[in-house]
2 protein chains.
Amino acid sequence: MDVRHADRIADALEELVFTGQFNDGDRLDEIRLAKQFGVSRTPIREALQRLVASGIAEQLPRRGVFVRQPGPVELMEMFETMAEIEAVCGRLAARRISDEALAELEQANDLCRAAMASQDTDAYYRENERFHHTIYAQSGNSYLAGQALRLHRRLKPFRRLQLRLRGRLAQSMGEHEEIVAALRSGDDARAATALRDHVGIQGEKFRHLMTELRTAAQ
Amino acid sequence: MDVRHADRIADALEELVFTGQFNDGDRLDEIRLAKQFGVSRTPIREALQRLVASGIAEQLPRRGVFVRQPGPVELMEMFETMAEIEAVCGRLAARRISDEALAELEQANDLCRAAMASQDTDAYYRENERFHHTIYAQSGNSYLAGQALRLHRRLKPFRRLQLRLRGRLAQSMGEHEEIVAALRSGDDARAATALRDHVGIQGEKFRHLMTELRTAAQ
DNA sequence: AATCACTTTATTGTATACAAAAATGTTGAC
DNA sequence: GTCAACATTTTTGTATACAATAAAGTGATT
């Protein structure tokens, strides 16, 4: 386990930002972080560069690096983009998917359903991810799949919130089954629509949560 | 003009890689680059990190940073992804585009045609970019537009090659007009198809060039 | 008290020094 | 000549030192 400090720290900082340990606009103080991680400023700076490159933080020259939590508008845009990219993956996958992958999707769905029944949320999230990642891969375009994966990861913390809504899990399962059916039939337009709607609903639910929080705060 | 060395150098290196000054697998020697740019290793390392983050180079821990030119397969995947993303932008834009933007698209097309007539390739490329960038922006989703822009930039050097083919420019102009017509009519499916085909053809033409080069080399 | 010029401090960006690991070269046995 | 073990050199990764710039503090003037 001999990994570069900079990489380890970048992962740690990313996790801290994603889990809400930092607020939007917080300055990432190099010296403080250096002390905190027990290293010099050099690996810290490399880690910060990585955060900036992946859009998690913003750099103002000669001013510092600031965490940049996406606001409501940007989040909705990201969900819409995710919906469209998943739709594209589904459209391509409908024509290219293998029987093995179809079986894997159904297995993931079965395990999802079992996890829902036994209230095992970790297992649910894991199998849900496997479901989506399989579709990305079956687009037959590894570049596209990589892009989809990136955004999927970025939205992970926000998707979790929305999945906590009452009845959302069961609804989501139903959508998954429609997606598999579309893929199995090879109907690319149907697969695209099913996936776009599935992810689009996530965005809708999330927006709902946001406005509720907003009005509750007032 | 007081920009960080690291940023300036990252841009310069990116340009060097894009213009083919480096071959796939070339190691980016920190010390050599430091001498070359007249700075220390520190800003060079920051610049290299940026290249790695944007996928232009690859980092092997404790080994170095190596340029990573996309191969034929990855390039085709990138073109396919670009086609799909542009199709998405077009689909959304068909419902959201403003009259001003439609006028801008037509103006860009007019200037493109004029540039074609006067053999002004620089002007052609400029207006062609304006055309596509306008569509990205009119998707009404700035996150999606940003992603489209990124990939568009990445493919720029390869798109230029394909545009040199005999008759391709005129054909491309016709496709542009179909795109505008679709957007004007608000027919989202038609706009998506027009854009997907337009960019898809670019990929096809490019693949053609590649295989020709391949067979010529043998 | 508010504001402006000026000084001081803090922080970023860059250079250099050092440590650790990989690449390279050398020697000797077979 | 080939290969392996060891020594040397190079190169990466990190720490520290220094320079440049922005932020904060101080005091005089109105």
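Numbered from 1 within each chain, the chains take letters A, B, ... in sequence-line order.
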Student: In degrees, rounded to 10°, what is the bend between the two ends of the helix from C:dA1-D:dT30 to C:dC30-D:dG1, using five pairs at each?
Tutor: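 Between the axes fitted at each end of the helix from C:dA1-D:dT30 to C:dC30-D:dG1 lies an angle of 10°.
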
Student: Do you know which of A:His198, A:His176, A:His152 makes ring-ring contact (aromatic ring centres under 6.0 Å, His included) with A:Phe131?
Tutor: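 That would be A:His176; it is the only one of A:His198, A:His176, A:His152 passing the ring-ring contact (aromatic ring centres under 6.0 Å, His included) with A:Phe131.
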
Student: Working to the nearest 0.5 Å, report the span between CD1 of A:Ile9 and CG of A:Leu48.
Tutor: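 So the gap between those two atoms works out to 9.0 Å.
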
Student: Using distance alone, with no hydrogens and no angle criterion, decide if B:Gln119 and B:Tyr124 have a side-chain donor and acceptor under 3.5 Å apart.
Tutor: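 There is no such pair between these side chains.
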
Student: Might you point out which heavy atoms bring B:Phe79 and B:Val199 nearest each other, and give the distance in Å?
Tutor: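 Heavy atoms only, the tightest pair is O-CG1, 4.0 Å.
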
Student: Supply the atom-to-atom distance A:Phe158 CZ to A:Leu209 CG, rounded to the nearest 0.5 angstrom.
Tutor: 12.5 Å

Student: Would you check if the side chain of B:Ser139 reaches a backbone N or O of B:Ile135 as a donor-acceptor pair within less than 3.5 Å?
Tutor: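 Absent.
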
Student: Round to a whole Å and report the spacing from CZ of A:Arg32 to C1' of C:dT12.
Tutor: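 Rounded to whole Å, this separation is 16 Å.
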
Student: How many angstroms lie between CD in B:Glu84 and CZ in A:Arg91, if you round to the nearest 0.5 Å?
Tutor: 4.0 Å

Student: Where do A:Ala87 and A:Ala192 come nearest, in terms of heavy atoms and distance?
Tutor: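 The pair with the smallest heavy-atom distance is CB-O, 3.4 Å.
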
Student: For the pair made of CD1 in A:Ile44 and P in C:dT12, what is the distance, rounded to whole Å?
Tutor: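 Taking CD1 of A:Ile44 and P of C:dT12, I get 12 Å after rounding.
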
Student: Which parts of nucleotides 12-19 of chain D does protein reach within less than 4.0 Å, heavy atoms only, written one letter per nucleotide 5' to 3' as B for base, S for sugar-phosphate only and - for none?
Tutor: BBBBBB--

